[in-house]
Amino acid sequence: MALNFLFYRKSLIALTGLFLCVFLVVHLSANAILLLPNDIASELYNSYSHTLRENPLITVVAYVLYISIVLHAVVALLITLHNRKAKPQKYIMDKSQQNSSWYSKNMGILGTLILIFIIIHLANFWARIKLGIGEEVLLDKNGYKDVFSVTYELFQNIWFVLFYSILAIPLAFHLYHGLKSGFKTLGFYHKKGLRILAKVSLIYAIIMGVGFGIIPIVVYFK
Amino acid sequence: MLNSKIPEGKLEDKWRNYQLQSKLINPANRKKLSVIVVGSGLSGAGAASTLAELGYDVQCFCYQDSARRAHSVAAQGGINAAKNYQHDGDSVYRMFYDTLKGGDFRSREANTYRLAELSAPLIDHYVQQGVPFAREYGGTLVNRSFGGVQVQRTFYARGQTGQQLLMAAYSQLYKMVKAKKVTMHARSEMMDLVLINGKAKGIIVRNLVTGQLERYAADAVVLATGGYSRVFRLSTLAIGCNGSAIWKAHKKGAYFAGPSFTQIHPTALPQSSEAQSKLTLMSESLRNDGRIWVPKAKSDERPANEIPEDERDYYLERRYPSFGNLAPRDIASRAAKERIDAGHGVGRLKNAVYLDFKHAIERLGLDTIKDRYGNLFKMYKKITGIDAYKQPMMISPAAHFSMGGLWVDYELMTSISGLYAVGECNYSDHGANRLGANSLLQASVDGYFILPNTINNYLADEMKVNQPDLNHEAFDKAEREVKSNIDKLLNINGSKTVDHFHRELGKIMWNECAMSRNEKGLKEAITQIQNIKEEFWNDVNVTGQGDEMNTELEKAYRLADFIELGILMCKDALQREESCGAHFREEYQTKDGEAVRVDDEYSYVSAWEYGEDKFKLHKEHLNFEFVNPTVRSYK
Amino acid sequence: MKITFKIWRQKNSDSKGTLKTYDVDGLTEDMSFLEALDHLNEQLVLKNEEVIAYEYDCREGICGQCGVFINGRAHGPHDHMTTCQLHMRSFKDGDTIVVEPWRAKSFPIIKDLIVDRSAFDRIIEEGAYISSKTGTAPESNAIPIPKAKADKAMDAAACIGCGACVATCKNSSAALFTSAKINHLNSLPQGKAEEHERVEAMTWQMKEEGFGSCTFTGACEVECPEAISITNIAEMNARKLKAKLLG
């Protein structure tokens, strides 16, 4: 059974990864609210996050999300360890940059950066809003938790702005390669389809990278 | 003395009659019998897997790191079969006749007919094994033309036919490894044959990784060790190809037939330097659409594309109008040599002729040529750096196939009981010249279809004989001899490298015993090779030890056998005072340079018996019952 | 031309290896890379030193036996080429060339530049064949195979088993090799009967041999002498899924 798990772990990474890709679309569209003028954004954003918290279906999805992140990271770690064992001795001279891209070879490092980001991101928001750790979250005029203000305040700190914006870059590269190869891992091999997939992945990665990267900056300067 | 064991009856009934009369072994008893197969190419892997399917216990050996490397892999163009899919008048009889005529009537009718007869089922067999032969849009198999033939009967898988057939044979071999009926020994080289009571009962093997000598015993031994054209050093063969296994068998009593019959392939890449180790073959199929020419002017220094049409000599089309560029290999090679020797050669060393696709591209379009020969053009560019779509290829003749080999009877048994030779290492179907795309055929048919149906005739009686014992004194003696030979080589500590001697041998063989031969040259060659032998055993330097992986030692003991084989080849060429097929004696030619065959005196297969001082000739007279040998004309 | 070779020397599988430097003169641009090594070896013999062990056989790019890492790339600086097809004109006078063996856990070094690739044979042994005996074949044209299908099978079947894909892959994955064989046989009508067993058994053996997993960096298809497409791996994954669901 244990070995059978090994057999499926690549697919597991792909499935959880693709799920996370879908999640990011939703997440970014919601965050786009932050680009609107503050008075509109504030109300919209708080009511949106309230709806999410109250919807039982979303609660289930949230758990799937947590599990996905954990599985994606843990299984990736296991595979990476296994893969390292398969090449115990490295080449003294290595010019693999001539045959493959650096990001495709360093998904582990990119993923680790993203994981660090996620932890800090969760500490900034999730811990405060859902777990009530740290400073208390106030209510807005509609009686919803004022998540907008939490965000707004955070991005008045230039260091957080830089951290959030810069880490959108590894995210973009990770998504670009991840989306492209996730489908291949799951057995999508239609030649023309793969060419389209490569383009779609690129566009997707750029939108995600630019989108997530630009929001903190916009909020900072607003 | 030499009994070829040709069965009675009409030509088309002989093989069936043979099978009806041959002894059978019941499946339960086959399990008790073991067979050694040396070599894992089409004939070796084919024989090993089929014998294992029949129930025999098989041990298979190859010197490479895997059975998949065997040199059958390198055949590019295709494999012939009398399927008559093209509806162009082909038949088993026509194929038989083409092959016999192509070989200049120096092979047995019965063998050659059987080759043609079994060709069609062989294609079925390979298709069933998953060979992706070229197909029409509708899904049926495609054929192409090949030299020496006016019908289209060649099946192919791009320019990698040999590779695809070998992959099929190799996979079938591993199917039987999985079934535990074949034990595969890679990186293992046969060093000697072991005879017990005059019968082949085992071999001594050197493990190429550890250097240890190992003994293997079996009820019969099959040699499938390929050709020996590396005797010329520069050849189209793999660097590791060698004649040692058959030479060792020859020294133990197996007759060597037609040793000097070596095919020089007309379309290889020319030699470019002294250090060159290999002449890469460009498939003969290129001659389907390519046109061969040289400049009419001697030493013309202009680039090919600047030489106008009327200053080009399409010499094959000129000399052989009916076959043109598709003249058989021996004729095309000799014609190239004639032009090069006359001072019309091209290239830096003036040792090549042009093979031009300009007209074919104009006529058929670039895409069609790319589809047919794309990978060959790519290969040409990798090696030479030249784009052959834009300027003609330069090609040159190179040593290629050994028609000669161990003499075998109709059952493929050599003159030693229980020792069989299959594929290129035997002398059977090709006579004095082999037609293109017949070598994959012969190797496969020998291994898959013939041997598994003849070996039972011998093994049936071996049931009564005790299993050979590895401690038998014959094994002791053979292993001692191998060991002392290796020690001797390692202890000469001379001043010259193995490659130095190989280059010297190659030059002599290429100059005197290749495309054209004469009495004076051959006599001198024999003396010179004897000198090389003397010097080799006194002045070679083989570094390293015997009990480890030692690539220099491998080269050295293979060369030692090549040197002795070279002498026999020259003696054979000297003895045969006629021109036939690839054997062209300058003394026997017409005014316009065509070969003169002397059927009254030389219509026999020369089978040489080894002797310490002197080789003894046995003649197997060829009896043409069904075909009248004619003058071979391709004009 | 003059070249400085830095070549991996290792006595046997148990000992430790190291790069050793050799200055070689008298090379020409026409020489193949392997002929340059031959030349070096002849000089070593004349100096009574032990020669460098490296592999080759056909020297025309089809047998798959040659293969070393040259200046940080499998089979040298060019794409889609074997070591034996590499010529010295690809280097400049005075260049330094670093030569290492294939490195992968599943390809243990035997000596110097020679590695043991028998893991490939064992993958083949698990099902890269059609289980029909000699003598059982039907007439070939009885089962038509459309050109496109035959061509696709041929594209995959072109693999020469050199191991460059494993050597260049950062994970030493044998997925390109294994998938090429599976797709060749499974895409033909003759291979259909055993398609699911074949995928299961061969991919299982691939893991058993200790090869890493594919992360689609694409290095393998660049170094593959036959330019076998990485799409084959995706196709193998689909076949595996199909085998799990239907097999």
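Reminder, nothing fancy here: chain letters follow the sequence lines and each chain counts from 1.
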*Side chain, backbone, both or neither: which part of B:Q276 has an atom under 4.5 Å from a heavy atom of chain C?*
both
_chain C contact via B:T236 - which portion, at a heavy-atom distance below 4.5 Å_ = backbone
*Can you name the one residue among C:E209, C:Q205, C:E208 that meets side-chain hydrogen bond (donor to acceptor under 3.5 Å, both in side chains) with C:R122?*
C:E209
*Identify which part of B:Q545 has an atom lying under 4.5 Å from any heavy atom of chain C, answering side chain, backbone, both or neither.*
neither
_Is the terminal nitrogen or CZ of B:R558 (NZ for Lys, CZ for Arg) located under 6.0 angstrom from the six-membered ring centre of B:Y63 and within 45° of that ring's axis?_
yes
*Return yes when atom NZ of C:K2 has more than 12 non-hydrogen atoms of other residues, nucleotides or ligands closer than 6.0 Å, and no otherwise.*
no
*Under 4.5 Å, counting heavy-atom pairs only, tell me which of B:G544, B:G385, B:G130, B:S277 racks up the most with chain C.*
B:S277
_Greatest number of heavy atom pairs closer than 4.5 Å to chain B - which of C:E49, C:K152, C:H78_ = C:E49
*chain B contact via C:A158 - which portion, at a heavy-atom distance below 4.5 Å*: both
*Salt bridge or not for B:D65 and B:R69, using N-O below 4.0 Å?*
yes
_Greatest number of heavy atom pairs closer than 4.5 Å to chain B - which of C:K147, C:Q190, C:K149, C:K111_ = C:K147
*Residue B:E53 versus chain C: region with a heavy atom under 4.5 Å*: both
*Decide yes or no on side-chain contact (heavy atoms from CB on, under 4.5 Å) for C:S13 and C:I110, but give the supporting numbers first.*
CA-CA 5 Å; C:S13 50; C:I110 296 174; 5.9 Å; no
*Among B:E136, B:R187, B:H71, B:M167, which residue forms the greatest number of heavy-atom pairs with chain C at distances under 4.5 Å?*
B:R187
*Parallel, tilted or perpendicular: which describes the rings of B:F155 and B:Y85, with under 30° parallel and over 60° perpendicular?*
perpendicular
*Using non-hydrogen atoms and a 4.5 Å limit, figure out which bit of B:R230 sits close to chain C: side chain, backbone, both or neither.*
neither
*Is it the backbone or the side chain of B:T551 that comes under 4.5 Å from a heavy atom of chain C, or both, or neither?*
side chain
*Looking at C:D151 and B:R135, does any basic side-chain N land under 4.0 Å from a carboxylate oxygen?*
no
_Polar side-chain atom of C:H75 near backbone of C:T83 as donor-acceptor pair, under 3.5 Å_ = yes
*Tell me, side chain or backbone of C:C84 under 4.5 Å from chain B's heavy atoms, or both, or neither?*
neither
_Proximity breakdown for B:Q64 and chain C, heavy-atom pairs closer than 4.5 Å_ = both
*Per-residue contact mode, C:S132 against chain B (heavy atom under 4.5 angstrom)*: both
*Less than 6.0 Å separating the ring centroids of B:Y448 and B:H125?*
yes
_Please classify the contact between B:T543 and chain C as side chain, backbone, both or neither, with a heavy-atom cut-off of under 4.5 Å._
side chain
*Please look at B:N453 and chain C and tell me whether the side chain, the backbone, both or neither of the residue comes under 4.5 angstrom of a heavy atom of that chain.*
neither
*Is it the side chain or the backbone of B:F133 that comes within 4.5 Å of chain C heavy atoms, both, or neither?*
backbone
*Taking every heavy-atom pair that is under 4.5 Å apart, which of C:I160, C:N48, C:N41 has the most such pairs with chain B?*
C:I160
*Counting only heavy atoms closer than 4.5 Å, note whether B:M549 contacts chain C via side chain, backbone, both or neither.*
both
_Engaged part of C:D155 at the chain B interface, taking heavy atoms whose separation is under 4.5 Å_ = both
*Between chain C and each of B:T280, B:T384, B:L269, B:V209, count heavy-atom pairs under 4.5 Å; write down the option with the most.*
B:T384
*Any salt bridge between C:D38 and B:K555, counting N to O under 4.0 Å?*
no
_Portion of C:E55 that has a non-hydrogen atom of chain B nearer than 4.5 angstrom_ = side chain
_Which atoms of C:I145 approach chain B - backbone, side chain, both or neither, heavy atom under 4.5 Å_ = both
*Toward chain B, the part of C:H87 with a non-hydrogen atom under 4.5 Å*: side chain
_Ring of C:Y56, cation from C:R59 - is the NZ or CZ under 6.0 Å from the centre and inside 45° of the axis?_
yes
_Assess the residue pair B:V131 and B:Q164 against the criterion (side-chain contact (heavy atoms from CB on, under 4.5 Å)); give the C-alpha distance rounded to whole Å, side-chain angles, the decisive distance to 0.1 Å, and a yes or no._
CA-CA 6 Å; B:V131 173; B:Q164 290 311 309; 4.0 Å; yes
*If you count heavy-atom pairs under 4.5 Å between each of C:K181, C:E42, C:M31 and chain B, which one has the most?*
C:E42
*Taking every heavy-atom pair that is under 4.5 Å apart, which of B:Q172, B:M176, B:H500, B:Q163 has the most such pairs with chain C?*
B:Q163
*Keeping the roles fixed (side chain from C:N141, backbone from B:L141), state whether a donor-acceptor pair exists under 3.5 Å.*
yes
*Would you confirm whether the ring centroid of C:F33 sits within less than 6.0 angstrom of the ring centroid of C:Y54?*
no
_Selection from C:I143, C:D57, C:V45 maximising heavy-atom pairs under 4.5 Å formed with chain B_ = C:D57
*Is it true that C:D112 and C:K11 make a salt bridge, defined as a side-chain N closer than 4.0 Å to a carboxylate O?*
no
*Among C:E126, C:H184, C:R89, which has the most heavy-atom pairs under 4.5 Å with chain B?*
C:R89
*Check whether B:S72 gets within reach of chain C through its side chain, its backbone, both or neither, counting any heavy atom under 4.5 Å.*
neither
_Measuring from atom CG of C:N186 to atom CD1 of C:I182, what distance do you get when rounded to the nearest 0.5 angstrom?_
6.5 Å
*Might you work through the ring pair (Phe, Tyr, Trp, His ring centres under 6.0 Å) test for C:F120 and B:Y174, ending with a clear yes or no?*
CA-CA 11 Å; C:F120 273 6; B:Y174 268 84; over 10 Å; no
*Identify which part of B:K378 has an atom lying under 4.5 Å from any heavy atom of chain C, answering side chain, backbone, both or neither.*
neither
*asked:* Does any backbone or side-chain atom of C:T82 lie under 4.5 Å from a heavy atom of chain B? Answer side chain, backbone, both or neither.
replied: neither
